[in-house]
Enquirer: 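This is the structure, below, for whatever I ask next.
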Number of protein chains: 2
Amino acid sequence: MSTSNKPVPRRSARGSSAGDERTGPVTLQQVAERAGVSPSTVSRILNGTAVVSDDKKKAVDDAIKELGFVPNPVARGLAGGRTLSVGVVTQAIDSPFYGGAHRGIEDTLLPAGYSPLFISGHWDDTAEARCIEVLRSRRVDGLIVLTGRMDDEALKGLARQLPIVVTGRDLSAPGVYSLNFDDLHGARLATEHLLSLGHKRIAFIGGDPLHPDSGKREQGYREALQAHGVAVDEALLQEGNYQEESGLQAIERLLASGVPFTAIFAANDQMAFGAALALHRRGLRVPHDVSLVGFDDVATSSFTVPPLSSVHQPVYELGRLAATAMLDLLAGRQPEAALPAPHIVVRESTAAI
Amino acid sequence: MSTSNKPVPRRSARGSSAGDERTGPVTLQQVAERAGVSPSTVSRILNGTAVVSDDKKKAVDDAIKELGFVPNPVARGLAGGRTLSVGVVTQAIDSPFYGGAHRGIEDTLLPAGYSPLFISGHWDDTAEARCIEVLRSRRVDGLIVLTGRMDDEALKGLARQLPIVVTGRDLSAPGVYSLNFDDLHGARLATEHLLSLGHKRIAFIGGDPLHPDSGKREQGYREALQAHGVAVDEALLQEGNYQEESGLQAIERLLASGVPFTAIFAANDQMAFGAALALHRRGLRVPHDVSLVGFDDVATSSFTVPPLSSVHQPVYELGRLAATAMLDLLAGRQPEAALPAPHIVVRESTAAI
DNA sequence: TTGTATGCGTTATCAA
DNA sequence: TTGATAACGCATACAA
C-alpha cells in the first residue's frame with residue numbers, strides 16, 4: 001500500500017518508472033541517452049565546441065527536438081562561467097529618452113540568445129556601483145552602461161573583468177567600446193536652424209550641469225552663435241535639469257527678467273515642453289511669437305501642440321549598436337559600430353522671425 | 001624558468017600558494033574554512049535554514065565580512081532551485097504607460113534581494129509565450145504579467161509551476177494574485193466630469209479593441225451618459241488603437257463627418273495628444289472650443305499645452321503592489337495588496353460649455 | 001571524433 | 001546542533 005522507503009532522488013522523479021509522465025524540464029543528460037551518445041557530445045553540438053560526426057549530430061538534433069530540450073542557462077552559468085546575459089546599467093528604467101535604447105538593446109540581444117538585465121542607476125554614482133555589484137554577482141557576461149556618472153578609471157578597471165560598452169563618452173581601453181553622440185554638432189545644428197530663420201535673440205535652457213552632454217550642448221550653442229557673428233548674451237542662458245518643470249521655470253525667469261528673445265533652444269525636449277507651457281501661460285504663441293527647438297526628438301515630440309522641431313538622436317539605433325558591439329566583444333570580434341550623425345527634424349515649433 | 005607542467009586547476013587558481021592574491025569572487029567554501037566550520041553551517045546561517053550556535057554564527061559572520069563574501073545566485077539557482085529573480089512580462093520596455101510600473105517593480109524587488117527580469121511581449125500572445133519560455137528557462141522564481149494577451153487558462157496552468165501576479169484582469173486561482181484597475185469607474189469619472197461642465201455632445205475615442213480595458217472604458221462612457229439621461233450617439237464613437245496617431249485620425253474623421261461635438265474623452269492620454277493636435281490643425285482651441293480629457297495620466301500630461309485633464313492611474317503604485325504581492329507569494333504569505341480607486345485630475349484642457 | 005571523469009558554488013539529505 | 005556527502009545541469013580536460 002504505502003510506497004517503499006528506499007531513498008528517493010532529491011527532487012521530483014525525472015523519467016519515472018511507469019510511462020512518460022516527465023516532470024520538470026528535460027536535461028542534456030536525457031537528450032544524450034535518447035540519442036545514444038555521451039553528454040559531452042551533446043554539449044559539443046550545442047556549443048560548436050568540436051566537430052562531431054554527421055550521424056550523431058542528427059541523432060542529437062532529433063532527440064532535442066523530440067524532447068523539447070532547452071539548455072538550462074543557470075547550469076550553463078555555473079559550469080561554463082557564461083550566463084548568456086548582459087547587464088544594462090541605465091539611469092531610469094522608465095526614462096522617455098533611454099526607453100528607445102532599452103528597446104534597441106532588447107531587440108538585438110534576445111534573438112542572439114542573450115537576455116538583458118536592466119537596472120537603474122538614477123544618476124547617482126554610488127547607486128551605479130551597487131547596480132554593478134548586483135549585475136556582477138549575477139555573473140552577467142558583459143555590461144552595457146548607458147552614460148552614467150562613474151568615472152573612466154572605474155570603467156577601465158571593470159573592463160579587465162568583463163567586456164563593457166559605454167555610451168555618452170569617448171573612452172578607448174582594452175575591453176571597452178564606447179559609443180557617443182555628437183552633442184556638439186547637434187547643438188550647432190539646432191542653433192543654426194534658428195539663426196537661418198533670422199533669429200538673433202536665442203535663449204538657451206541648459207541641462208543638468210552634472211551630465212557630460214549638457215556642457216557640449218551649451219558649447220555648440222555658443223559656437224554656432226559666434227560663427228554667425230552673433231554675440232552671446234549671458235542673460236539669455238538659463239540653467240535647467242533636463243526635467244519639464246525646470247524648462248518652465250527657466251522661461252518664467254527669463255520672462256520676468258524682461259530680457260527680449262524671439263527663440264529658445266532647450267537642451268532637451270522635456271525642458272522644451274516645460275518652456276512651451278510657460279509661454280502658453282503668458283499668452284505667447286509658438287512659433288508665432290517665439291520659436292522653440294528641442295533636443296533628443298523623443299517619441300512624443302511629434303504630437304505636441306505644436307509638434308516640436310528637435311535634434312534627432314538615434315536612441316533606438318544607439319541601443320541596437322551598443323548591443324551589437326557587446327555581441328562582438330563577447331564573440332571576440334572587434335566592434336565597429338558607429339552612430340549616425342545627428343540631424344534636425346523641423347516641425348512646427350519654429351518659424352522665420 | 002618555465003612554469004611547471006603539473007596539471008592546473010580548471011579555472012583561475014583560487015587561494016593560490018603564495019600570498020593573498022585571490023582571483024575571482026570568494027566562495028562559501030572559503031568562508032567555511034576561514035570560520036572553521038563546514039560549508040553546510042555557513043549555508044544554514046545564510047538561509048536561516050536551521051538554528052546554529054551563537055559562537056559559530058559569529059565566526060561565520062565575521063569571516064563573511066572579512067572576506068567580502070557574496071553568495072553566487074547562479075550556484076544558488078542550480079542547487080536550491082531559487083534564483084532570487086522574478087520575470088516581468090511587460091508589453092513594451094519603453095512604454096510611457098507601463099514605465100511607472102517598471103520603476104515601481106524595480107524599486108521594491110531590488111531592496112528585497114530579488115532582481116526583475118524585464119521582457120516585452122508586444123501585445124502578441126505568441127511573443128508572450130516566447131517571453132515566458134525565456135523566463136522559465138532562466139528559472140525565475142515568479143512571474144509578474146503586466147496585462148498581456150494570454151488567456152486565463154494558460155495563466156492558471158503556469159501558476160501550477162510558479163507564483164504569478166497578473167494585472168489588468170480579475171483572476172483568482174491557486175498561485176495567482178491579480179491586481180486590476182477599475183477602468184469602468186475611471187471612464188465614468190471622466191465622462192461625468194465633462195457632463196458636469198455642461199457638455200452633452202461628447203465624442204469618445206476608443207482604445208485597441210483587443211485590449212480588455214478598452215471595452216471597459218467605453219462601457220463607462222456609455223453608462224455615465226445614460227445615467228445622466230444623455231442618449232449615446234454612435235456617430236460620436238471613434239475607434240483608435242491607443243497610439244497618438246490614431247487619436248489624431250479619429251478626430252479628423254469626426255471633423256470631416258460634420259457631427260457636432262463640444263468635448264472629447266479619449267481612452268488614453270496618448271490618443272488625447274493626437275486629438276489635441278488634430279484640433280489645433282483645424283484652428284480649434286482646447287478647451288475654449290473643445291474640452292478634452294484623457295485616461296492614464298502619464299507623466300507628460302502635466303506639461304502638454306494645455307495640461308491635460310485625465311483619469312489618474314496609480315501605475316507606479318501598481319508596480320509596487322505587484323512586486324509586493326509577488327514577494328508575499330514567494331514567502332508563502334497571502335498577498336493583500338489592493339489598488340486605490342481611480343480619480344480624475346482636472347487640469348486645463350476642460351472647461352464649462 | 002568520442003567518452004569518462006571532474007568541477008562550478010550552493011543547497012539538501014542523512015547520519016551523527 | 002553539526003558535518004559528510006550527494007545532487008543541481010552543464011562544460012571541459014584528458015584519455016581513448
Side-chain angles (χ1 to χ4, degrees), chain A residues 5-15 23-33 35-60 64 67 69-84 137-139 141, chain B residues 5-15 23-33 35-57 59-60 64 67 69-84 136-139 141:
Chain A
N5 278 326
K6 67 160 190 238
V8 295
R10 249 220 309 158
R11 257 174 304 264
S12 62
R14 310 282 162 82
T23 307
V26 183
T27 69
L28 181 148
Q29 168 85 25
Q30 296 173 329
V31 173
E33 282 167 11
V37 301
S38 78
S40 7
T41 301
V42 178
S43 175
R44 282 190 269 260
I45 292 178
L46 251 44
N47 301 287
T49 315
V51 192
V52 304
S53 68
D54 285 353
D55 53 336
K56 302 220 177 208
K57 172 155 172 47
K58 181 171 181 342
V60 169
I64 289 181
L67 263 36
F69 168 71
V70 135
N72 180 336
V74 177
R76 257 148 110 117
L78 228 209
R82 307 174 347 124
T83 53
L84 293 184
S137 88
R138 296 218 168 251
R139 302 299 189 275
D141 296 336
Chain B
N5 277 325
K6 67 163 193 233
V8 295
R10 252 222 304 159
R11 260 176 300 262
S12 61
R14 310 283 163 80
T23 307
V26 183
T27 68
L28 180 147
Q29 167 87 24
Q30 297 174 330
V31 172
E33 283 168 12
V37 302
S38 76
S40 339
T41 301
V42 179
S43 174
R44 282 190 270 258
I45 292 180
L46 253 42
N47 302 287
T49 315
V51 190
V52 304
S53 66
D54 284 352
D55 52 337
K56 304 221 176 210
K57 172 156 171 48
V60 169
I64 288 180
L67 264 35
F69 168 72
V70 135
N72 180 337
V74 178
R76 256 147 111 115
L78 226 210
R82 310 177 343 127
T83 53
L84 292 184
R136 297 213 336 133
S137 87
R138 298 221 167 248
R139 302 299 189 273
D141 296 337

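Per chain, numbering begins at 1; letters A, B, ... match sequence-line order.
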Enquirer: Whole Å only: how far is the CZ atom of Phe69(A) from the C1' atom of dG9(D)?
Expert: 8 Å
Enquirer: Closer than 4.0 Å, any side-chain N/O of Ser43(A) to the OP1 or OP2 of dA11(D)?
Expert: yes
Enquirer: Are there over 12 heavy-atom neighbours, none belonging to Asp54(A), within less than 6.0 Å of that residue's CG?
Expert: no
Enquirer: Taking donor-acceptor contacts at under 3.5 Å, does the side chain of Arg44(B) reach the base of dG3(D)?
Expert: yes
Enquirer: Quick one: label Val42(A) by what it contacts on the DNA or RNA (base, sugar-phosphate, nothing), any heavy atom closer than 4.0 Å.
Expert: nothing
Enquirer: Check this for me: does the side-chain of Ser40(A) come within 3.5 Å of the base of dT4(C) through a donor and an acceptor?
Expert: yes
Enquirer: Looking only at heavy atoms, what is the nearest atom pair of Pro73(A) and Thr83(A), with distance?
Expert: CB-O, 4.5 Å
Enquirer: Using a cut-off of less than 4.0 Å, is there contact between a side-chain N or O of Ser38(B) and OP1 or OP2 of dA4(D)?
Expert: no
Enquirer: Just how far, in rounded Å, is P of dG7(C) from CG of Asn72(B)?
Expert: 18 Å
Enquirer: Could you pull out the closest heavy-atom pair between Thr27(B) and Phe69(B), with the gap in Å?
Expert: C-CE1, 3.5 Å
Enquirer: Measuring from the side chain of Ala79(A) (C-beta onward, heavy atoms only), which nucleotide among dT12(D), dT2(D), dC8(C) has the closest atom?
Expert: dC8(C)
Enquirer: Write down the distance between CG (Leu67(A)) and P (dC10(D)), rounded to a whole number of angstrom.
Expert: 12 Å
Enquirer: Between Lys57(B) and Val37(B), does the side chain to side chain contact (heavy atoms under 4.5 Å, CB included) criterion hold? Intermediate values first, please.
Expert: CA-CA 10 Å; Lys57(B) 172 156 171 48; Val37(B) 302; over 6 Å; no
Enquirer: Would you please say whether a donor-acceptor pair under 3.5 Å links the side chains of Thr41(A) and Ser38(A)?
Expert: yes
Enquirer: Kindly compute the distance separating CD1 (Ile45(B)) from CD1 (Ile64(B)), expressed to the nearest 0.5 Å.
Expert: 7.0 Å
Enquirer: I need the CD-P distance between Gln29(B) and dA4(D), as an integer number of Å.
Expert: 10 Å
Enquirer: Using five pairs at either end of the helix from dT1(C)-dA16(D) to dA16(C)-dT1(D), determine the angle between the two local helix axes and round it to 10 degrees.
Expert: 40°
Enquirer: Quick one: on DNA chain D, does Arg139(B) or Gly36(B) contact a more 5' nucleotide (nearest heavy atom)?
Expert: Gly36(B)
Enquirer: Using atom CZ of Arg82(B) as one end and atom C1' of dA12(C) as the other, report the distance to the nearest whole Å.
Expert: 13 Å
Enquirer: Give a yes/no answer on whether the side chain of Arg76(A) brings an N or O atom under 4.0 Å of OP1 or OP2 in dC10(D).
Expert: no
Enquirer: Is there a residue in residues 48-56 of chain B whose heavy atoms reach under 4.0 Å of DNA chain D, and which residues are they?
Expert: Val51(B), Val52(B), Ser53(B), Lys56(B)
Enquirer: Please report, rounded to the nearest Å, how far the C1' atom of dG9(D) is from the CD atom of Gln30(A).
Expert: 10 Å
Enquirer: Base, sugar-phosphate or nothing for Thr41(B)? Non-hydrogen atoms, less than 4.0 Å.
Expert: sugar-phosphate
Enquirer: Using atom types as modelled and distance alone, determine if a side-chain donor or acceptor of Glu33(B) lies under 3.5 Å from a backbone N or O of Gln30(B).
Expert: no
Enquirer: Does Asn72(B) use its side chain to pair, donor to acceptor, with the backbone of Val74(B) at less than 3.5 Å?
Expert: yes
Enquirer: Measure the CZ-CG distance between Arg76(A) and Leu28(A) for me, rounded to the nearest 0.5 Å.
Expert: 9.0 Å
Enquirer: In whole angstrom, give the distance that lies between atom CG of Leu78(B) and atom C1' of dA6(D).
Expert: 14 Å
Enquirer: Return the value, rounded to whole Å, for the distance between atom CZ of Arg138(A) and atom C1' of dC8(C).
Expert: 17 Å
Enquirer: Taking side chain to side chain donor-acceptor pair (under 3.5 Å) as the definition, give me every residue that meets it alongside Arg139(A), ordered by chain and number, with sequence neighbours left out.
Expert: none
Enquirer: What's Pro39(A) touching, base or sugar-phosphate or nothing? Going by heavy atoms closer than 4.0 Å.
Expert: nothing
